[in-house]
Amino acid sequence: MSFVFYILATLTLAGALAAVMLKNTVHCALALTVAFAGLALLFLNLDAQFAGFAQILVYIGAVAILVVFAILLTKGSETPKDGVFSRTWLAGLAIAAAVFAVLGWAVLNSAWALPHETAVPEVTVKQIGDALVGRYVLPLEIVAVLLTAAMIGAVIVAMHEKERTK
Amino acid sequence: MSPLAGFLIVAALLFSIGLAGALTRRNAILVLIGIELMLNAANLNLIAFWRYGPHPEALTGMMFAIFSIAVAAAEAAVGLGLVIQIHRHAHTTDIDAMNRMKG
């Protein structure tokens with residue numbers, strides 16, 4: 001385990017923890033951006049350059065901006081008077097802890113069986129493009145249809161009420 | 001601990017943090033943030049297995065992660081659109097206050 005990995009893991013987990021713990025929703029969105037950036041750096045650390053840059057473009061460039069827009073449009077930055085956590089927060093925390101216990105137990109118990117190839121994979125963007133329009137062309141088309149449908153759907157869902165009140 | 005086990009532990013922690021956020025926060029946008037963190041933890045697992053698995057040149061894990069990123073972007077757009085619409089309708093994003101489906 002390299003020193004860089006520990007730094008990036010700490011950064012990502014601290015960002016994620018802040019994103020779900022902070023009171024002000026705008027601060028949560030900023031912490032979420034830190035977590036996404038840490039994940040992108042972890043991808044780069046894993047020699048997955050294309051996925052790392054896609055993560056930066058899609059998550060930091062689009063999803064984080066969308067979240068900020070949604071927070072500002074819904075006045076979500078005001079802290080509610082009865083707290084930011086739901087009434088059943090203890091049960092939720094217990095479920096999350098149980099899930100982590102099971103996942104951690106499974107990983108630590110199967111550590112001997114995990115693959116550990118040391119050779120750095122040589123993957124160029126050209127290879128990824130060839131794979132996208134070759135072997136993975138059907139998923140690519142389906143994702144294109146899904147993104148179109150989601151874009152139209154999001155616009156229709158967000159526009160509906162305004163038309164009705166006119 | 002092997003490098004892959006380290007990445008898997010980090011992904012498990014990230015998934016649990018996202019799950020805790022999705023289950024404990026009141027604000028619907030924060031619930032969506034928790035779901036995004038869980039999706040990202042799955043992506044980290046896919047990339048880590050691709051990197052340390054036996055056949056990285058097949059690009060399977062990488063492709064799965066890229067498609068997962070695209071699907072997560074679509075999910076975020078529709079989810080946040082729904083939250084905005086619910087806020088216009090009910091004037092709240094508090095999930096505890098949304099206890100009926102009839103408008």
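Protein chains get the first letters and strands the later ones, always in sequence-line order, with residue 1 at the start of each. What you see is a predicted model; the values in this text were computed from it and never measured.
Heavy atoms of Val58(A) lying under 4.5 Å from chain B belong exclusively to its side chain. Contact of Met151(A) with chain B is not made at all, since no heavy-atom distance falls under 4.5 Å. Contact of Ala51(A) with chain B is made through backbone and side chain together, with heavy-atom distances under 4.5 Å. Only the side chain of Arg135(A) comes within less than 4.5 Å of a heavy atom in chain B; its backbone stays farther off. For Val120(A), the parts lying under 4.5 angstrom from a heavy atom of chain B are both the backbone and the side chain. The contact between Ala77(B) and chain A is made by backbone and side chain atoms together, counting heavy-atom distances below 4.5 Å. Contacts between Leu37(B) and chain A at a heavy-atom distance below 4.5 Å involve the side chain alone, from C-beta outward. Contacts between Leu22(A) and chain B at a heavy-atom distance below 4.5 Å involve the backbone alone (N, CA, C, O). Neither the backbone nor the side chain of Glu122(A) comes within contact range of chain B, judged by heavy atoms closer than 4.5 Å. Neither the backbone nor the side chain of Phe69(A) comes within less than 4.5 Å of any heavy atom of chain B. In this structure, chain B has a heavy atom under 4.5 Å from the side chain of Leu32(A), while its backbone stays farther away. Both the backbone and the side chain of Leu14(B) come within contact range of chain A, each with at least one heavy atom under 4.5 Å from a heavy atom of that chain. The part of Leu39(A) that comes within reach of chain B is its side chain, from C-beta onward, which places non-hydrogen atoms under 4.5 angstrom from that chain. Interface remark: Ile66(B) contributes side-chain atoms only to the contact with chain A (heavy atom separation under 4.5 Å).
Smallest separation of non-hydrogen atoms from Asn43(B) and Phe43(A): CB-CZ, 3.9 Å. Ile84(B) and Ala70(A) make their closest contact through CD1-CA, 4.2 Å (heavy atoms, listed as atom of the first residue, atom of the second, distance). When all heavy atoms are compared, the tightest approach of Leu147(A) to Ala74(B) is CD2-CB, 3.9 Å. Shortest non-hydrogen contact noted between Ile29(B) and Thr74(A) is CD1-OG1, 3.5 Å. Smallest separation of non-hydrogen atoms from Val157(A) and Gln85(B): O-OE1, 3.0 Å. Listed here is the closest heavy atom pair of Tyr136(A) and Ala58(B): OH-O, 3.6 Å.
With Leu13(B) as the partner, the side chain to side chain contact (heavy atoms under 4.5 Å, CB included) test is satisfied by one option alone out of Leu13(A), Thr12(A), Leu103(A), Leu17(A): Leu13(A).
Comparing Thr88(A), Leu90(A), Leu140(A) by how many heavy-atom pairs each has under 4.5 Å with chain B, the most go to Leu140(A). When each of Val31(B), Ile33(B), Leu8(B), Val78(B) is scored by its heavy-atom pairs under 4.5 Å with chain A, the top score falls to Ile33(B). Per-residue heavy-atom pair counts under 4.5 Å with chain B were compared for Leu146(A), Ile142(A), Leu114(A), and the maximum is reached by Leu114(A). Top candidate by heavy-atom pairs under 4.5 Å with chain B, chosen from Ala54(A), Ala131(A), Ala111(A), Pro139(A), is Pro139(A). The residue among Val71(B), Asn40(B), Val83(B) with the most heavy atom pairs within less than 4.5 Å of chain A is Asn40(B). When Phe100(A), Trp89(A), Phe50(A) are compared by the number of non-hydrogen pairs under 4.5 Å with chain B, Phe100(A) comes out ahead. Interface remark: of the candidates Pro121(A), Gly92(A), Ser86(A), Ala150(A), Ser86(A) forms the most heavy-atom pairs closer than 4.5 Å to chain B. Among the candidates Ser16(B), Ala28(B), Ala11(B), the residue making the largest number of heavy-atom pairs closer than 4.5 Å to chain A is Ser16(B). The choice from Ser110(A), Ala96(A), Ala35(A) that makes the most heavy-atom pairs within less than 4.5 Å of chain B is Ala96(A).
Geometrically, Arg26(B) does not engage Phe85(A) in a cation-pi contact defined by less than 6.0 Å to the ring centre and at most 45° from the axis.
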For this session: Run the numbers on Leu46(A) and Leu44(B) for side-chain contact (heavy atoms from CB on, under 4.5 Å), then give the verdict.
Result: CA-CA 9 Å; Leu46(A) 279 167; Leu44(B) 182 57; 4.1 Å; yes
For this session: Tell me, with the steps shown, if Phe7(B) and Val107(A) meet side-chain contact (heavy atoms from CB on, under 4.5 Å).
Result: CA-CA 10 Å; Phe7(B) 279 101; Val107(A) 169; over 6 Å; no
For this session: Walk me through it: do Val20(A) and Leu30(B) pass the test side-chain contact (heavy atoms from CB on, under 4.5 Å)?
Result: CA-CA 7 Å; Val20(A) 299; Leu30(B) 267 297; 5.7 Å; no
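A distance of 5.0 Å separates CZ of Phe36(A) from CD of Glu36(B), quoted to the nearest 0.5 Å. One finds the CG atom of Asp47(A) at 9.5 Å from the CE atom of Met62(B) (value rounded to the nearest 0.5 Å). One distance of note links CD1 of Ile95(A) with CG of Leu23(B); it measures 5.5 Å at 0.5 Å rounding. One distance of note links CG of Leu42(A) with CD1 of Ile47(B); it measures 11.0 Å at 0.5 Å rounding.
Taking the side chain as every heavy atom from C-beta outward, Leu4(B) and Pro115(A) approach each other to under 4.5 Å.
Phe15(B) is linked by a ring-ring contact (aromatic ring centres under 6.0 Å, His included) to nothing, counting only residues two or more places apart in sequence or in another chain.
By the criterion of side-chain heavy atoms lying less than 4.5 angstrom apart, applied directly or through intervening Ile, Leu, Val, Met, Phe, Trp or Tyr residues, Leu8(A) is not grouped with Leu46(B); the two fall into different hydrophobic clusters.
The 12-atom threshold is not exceeded at CZ of Phe64(B), counting heavy atoms of other residues, nucleotides or ligands nearer than 6.0 Å.
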